[in-house]
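A quick write-up on the structure given underneath.
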Amino acid sequence: MLQRIGDATDDALRGEGILPGIRRSLDRLRPGSYADLQHVIRLSGDLGPEAFPLLLEQYEEHAGLTSSEFFTPRAVTQVMAELLVCEGSAPIAVHDPYLRGGELLTAAVEAVRRAGSSVALPTVRGAGPNEDTLRLAGMHLMVQGVPARLETGSAAPWTELDQPSLTADRIFLNPPFNASVSAVRGRKPEQWPYGPPPPGNDNFAWIQYALGKLNPGGCAAVLMPNNALSSANGQEQYIRQSLVERGALECVIALPKQLFRGTAIPVSVWILRYAPGRRKEVLFVDARHMGVMQSRTRRILTEDNTAAIVRAVEAWRSDGERSVSHVGVDGLSTAAEPDDIRDRGYSLNPADYVVREMAATRHAEDLERELADSMEAVRRARHFMIGADVRMKQVQRESDFVRALTGDSVLGHWEERPLGELCEVQAGPSPSLVKSTRSAEGDVPMVLPTHLRDRRIVALPDQVLVPREHAEGRLRNYQVAAGDILCVRTGTTGPSALVDAPQEGWILGSNLLRVRRFVDPVREVLPEYLLAFLSLPAVEEWIRIHSTATTAIGSISTASFRQLPVPLPPWDEQRRIGDRLRAYDRQIVTHRDFAQAVERSRAAWAEQVMQEAVTVMRPKKTRKEQVS
């Protein structure tokens with residue numbers, strides 16, 4: 001069956017001129033069972049084109065991609081597309097010379113479709129050095145119904161002597177940052193109209209390559225690492241000067257850090273124009289403060305964020321077309337003439353131009369209140385921490401604890417039972433069901449893998465919510481109750497967590513499993529004991545081995561999880577083990593809460609004492625702002 005699927009997919013790829021290889025990838029799969037494979041195929045039949053970006057995210061998370069292969073976050077692709085593709089009604093040629101997962105080209109097509117019938121669909125081309133992601137890009141565009149010409153490219157296309165003279169009206173590009181692929185091949189000065197890039201860094205080689213591939217009147221959106229904005233390298237500074245003085249740079253948008261999976265590096269979007277005949281004023285947008293944390297390591301831009309960025313750029317463009325002086329959006333954007341940029345040493349960092357309110361301007365009474373609240377939080381956290389420490393001392397004094405875990409006389413009374421005989425195992429709802437029920441107006445939280453910390457469930461500011469009528473209706477079977485254990489099902493169980501009373505009625509997330517014990521004296525298991533067992537590294541390894549394999553990720557099925565062998569001691573022993581390990585967990589949590597409270601108090605005190613010292617830390621106004 002997998003071979004037939006691979007052959008059909010490869011035939012479709014060949015029809016689009018894309019190098020096949022899916023059959024070879026599927027041949028490496030070893031599903032846990034035929035039923036697992038049937039289940040995956042049935043689920044796949046319900047997926048629409050909108051599911052492909054979600055699959056790309058999962059692939060990126062588990063495939064071990066390098067930094068030069070990370071996919072571009074969806075909100076970033078939307079901003080880049082909205083700013084470039086909807087300026088006219090004539091058909092345009094769109095090109096991405098460093099394809100990753102096809103996300104930039106797909107965003108361009110989606111932006112054109114949102115603009116309505118007045119804008120013709122673009123012709124699409126792309127190239128990429130990674131054959132695996134090139135195939136993904138081809139499939140990404142195919143499910144959108146977009147014919148595209150994709151080909152194997154180079155990580156340094158300006159070195160390819162036999163490269164065709166392809167040009168485009170719009171170029172989207174997320175190149176490898178700070179790479180030096182072409183350093184050993186030499187650089188010819190005539191290739192670089194804005195100045196030769198320095199050896200060992202191709203950032204400004206990509207900038208000039210994109211400009212060189214534009215048709216007259218064309219434009220490009222290029223992602224750059226923020227070190228390119230104001231680097232001290234003389235060659236890079238000269239290139240920035242040339243871009244400004246010759247009118248090739250239209251706009252720079254600084255984005256917040258932690259947008260990309262796997263790296264916290266902040267990036268910026270550079271909007272470049274086919275230079276001759278355009279104004280030299282540059283718009284700077286400082287969006288570093290935008291976005292919300294989706295997890296401890298990942299930030300996302302909201303729809304309001306992306307809309308605000310696009311509006312700021314469109315307002316500047318509109319004022320330019322009407323020859324109206326543009327002063328920008330307070331705290332977000334400002335326009336600068338070449339003289340202003342020259343005064344700042346040709347820095348392109350929006351933070352050097354956009355004036356934003358600083359935290360140090362808060363009123364003294366607010367700072368006083370913050371300090372008092374933080375010190376009270378320290379006192380409360382210390383109280384709980386002392387209680388946890390006292391309990392741990394009791395545990396350590398009970399010398400028979402280790403013997404109770406390892407003594408042959410005790411282990412002889414233990415029995416082994418499959419998890420399915422002790423508990424009900426319930427998988428989370430399908431992503432499509434979650435998508436159809438979630439709402440910003442909801443009031444019932446959904447538990448996600450990021451909420452499972454220290455074997456407990458914590459609430460986060462960016463909690464996904466569903467309306468109560470859905471929680472008690474369509475999602476009723478996915479509610480959690482005190483005593484349930486939640487596990488991450490994708491790849492490995494990872495962290496497991498015990499549901500407490502405050503989380504009663506919350507909704508189980510798609511990537512989780514809910515383990516709920518049967519209330520039966522013959523087969524009863526204590527939740528605290530079971531949580532301790534499921535948290536063992538050996539159990540995580542068992543689940544990894546029994547997960548259903550795909551090209552990049554594994555997922556444990558409920559049927560397989562029910563077969564997990566659970567060593568079951570007598571009830572009193574379960575309680576003793578569970579109580580002691582929960583005491584460890586309590587100590588971990590209370591010490592961490594105390595440390596966070598002290599950190600907050602320190603920050604509040606420092607801010608109060610030194611607020612006057614930082615009032616000078618703001619960029620000076622541009623000439624236009626001074627006049628206005």
Side-chain angles (χ1 to χ4, degrees), residues 296 377-411 413-414 416 419 422-423 447 449-460 480-488 492-504 512-517 524-544 564-599:
R296 286 174 290 179
V378 170
R379 284 191 288 270
R380 289 197 306 268
R382 182 186 290 115
H383 171 76
F384 290 120
M385 182 179 68
I386 291 173
D389 289 346
V390 170
R391 174 60 182 145
M392 275 307 304
K393 289 181 180 178
Q394 295 173 347
V395 169
Q396 292 166 357
R397 283 197 299 265
E398 296 173 357
S399 59
D400 64 333
F401 175 48
V402 174
R403 290 197 300 274
L405 292 177
T406 60
D408 292 338
S409 60
V410 175
L411 290 176
H413 297 289
W414 291 31
E416 184 179 287
L419 179 64
L422 303 171
C423 301
V447 187
T450 55
H451 301 143
L452 277 55
R453 300 183 184 179
D454 302 323
R455 289 164 290 281
R456 61 172 181 162
I457 298 170
V458 298
L460 297 175
V480 301
D484 289 347
I485 297 173
L486 306 186
C487 309
V488 180
T492 170
T493 53
S496 298
L498 185 66
V499 179
D500 288 323
Q503 295 95 41
E504 283 269 5
L512 297 177
L513 290 171
R514 184 189 69 200
V515 179
R516 176 175 292 172
R517 63 172 181 157
E524 195 165 16
V525 61
L526 185 70
E528 289 80 2
Y529 167 78
L530 186 58
L531 173 68
F533 174 71
L534 292 176
S535 301
L536 293 175
V539 175
E540 294 186 11
E541 176 64 12
W542 184 94
I543 293 172
R544 186 192 66 78
L564 173 69
V566 179
L568 200 65
W571 180 259
D572 289 343
E573 195 64 29
Q574 290 185 45
R575 182 175 299 281
R576 184 158 61 161
I577 293 171
D579 286 349
R580 283 155 179 74
L581 291 177
R582 289 292 278 179
Y584 275 102
D585 291 339
R586 182 64 176 165
Q587 190 176 42
I588 291 169
V589 169
T590 55
H591 276 256
R592 185 169 293 146
D593 289 347
F594 177 73
Q596 292 174 349
V598 173
E599 178 66 28

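The analysis underlying the following values was restricted to heavy atoms, covering all of them including side chains, and did not include hydrogens, waters or symmetry mates. This is a predicted model, so every value here is computed, not measured.
Residue L534 holds its CG atom at 10.5 Å from CG of L498, rounded to the nearest 0.5 Å. The NE2 atom of H451 lies 11.5 Å from the CG atom of L486; values are rounded to the nearest 0.5 Å. Annotation: the span from H383 atom NE2 to M385 atom CE amounts to 11.5 Å, rounded to 0.5 Å. To the nearest 0.5 Å, the span separating CD1 on I577 from CZ on R582 amounts to 15.0 Å. Note that CZ of F594 is 8.5 Å distant from CD1 of I386, once rounded to the nearest 0.5 Å. The CD atom of E528 sits 10.5 Å away from the CG atom of D585 when rounded to the nearest 0.5 Å.
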| Given the rule in the side chain to side chain contact (heavy atoms under 4.5 Å, CB included) test, do F533 and V539 qualify, once you have shown the distances and angles that lead to the verdict? | CA-CA 7 Å; F533 174 71; V539 175; 3.6 Å; yes
| field | Audit row: R514, V480, side chain to side chain contact (heavy atoms under 4.5 Å, CB included) steps and yes/no | value | CA-CA 8 Å; R514 184 189 69 200; V480 301; 4.3 Å; yes
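Inter-residue side-chain proximity for D484 and V515 is flagged as unmet; no heavy-atom pair is nearer than 4.5 Å. Put simply, the side chain of L512 does not reach to within 4.5 Å of the side chain of C487, judged on heavy atoms. Using a 4.5 Å heavy-atom threshold, the side chains of D500 and I457 count as separate. Between L422 and L568, some side-chain heavy-atom pair lies under the 4.5 Å cut-off. Between R382 and T590 the shortest side-chain heavy-atom distance does not fall below 4.5 Å. Within the 4.5 Å cutoff, the side chain of R576 has no heavy atoms near those of the D572 side chain. Side-chain contact check for L452 versus S496: every heavy-atom pair is 4.5 Å or farther apart.
Closest non-hydrogen pair, R517 versus V525, comes out as CD-O, 3.2 Å. When all heavy atoms of L531 and I485 are compared, the pair lying nearest together is N-CD1, 3.5 Å. Among all heavy-atom pairs drawn from A597 and A381, the shortest one is CB-CB, 4.3 Å. Smallest separation of non-hydrogen atoms from L530 and C423: CD2-SG, 3.6 Å.
Under a 3.5 Å cut-off, the side chain of E416 and the backbone N or O of P567 do not form any donor-acceptor pair. Formation of a donor-acceptor pair under 3.5 Å by the E504 side chain with backbone atoms of A482 is found in this model. Of the possible donor and acceptor atoms, none in the side chain of Q574 sits under 3.5 Å from a partner among the backbone N and O of Y529.
Annotation: salt bridge (Lys or Arg N to Asp or Glu O under 4.0 Å) contacts involving residues 587-596, sequence neighbours excluded, comprise D454-R592, R456-D593.
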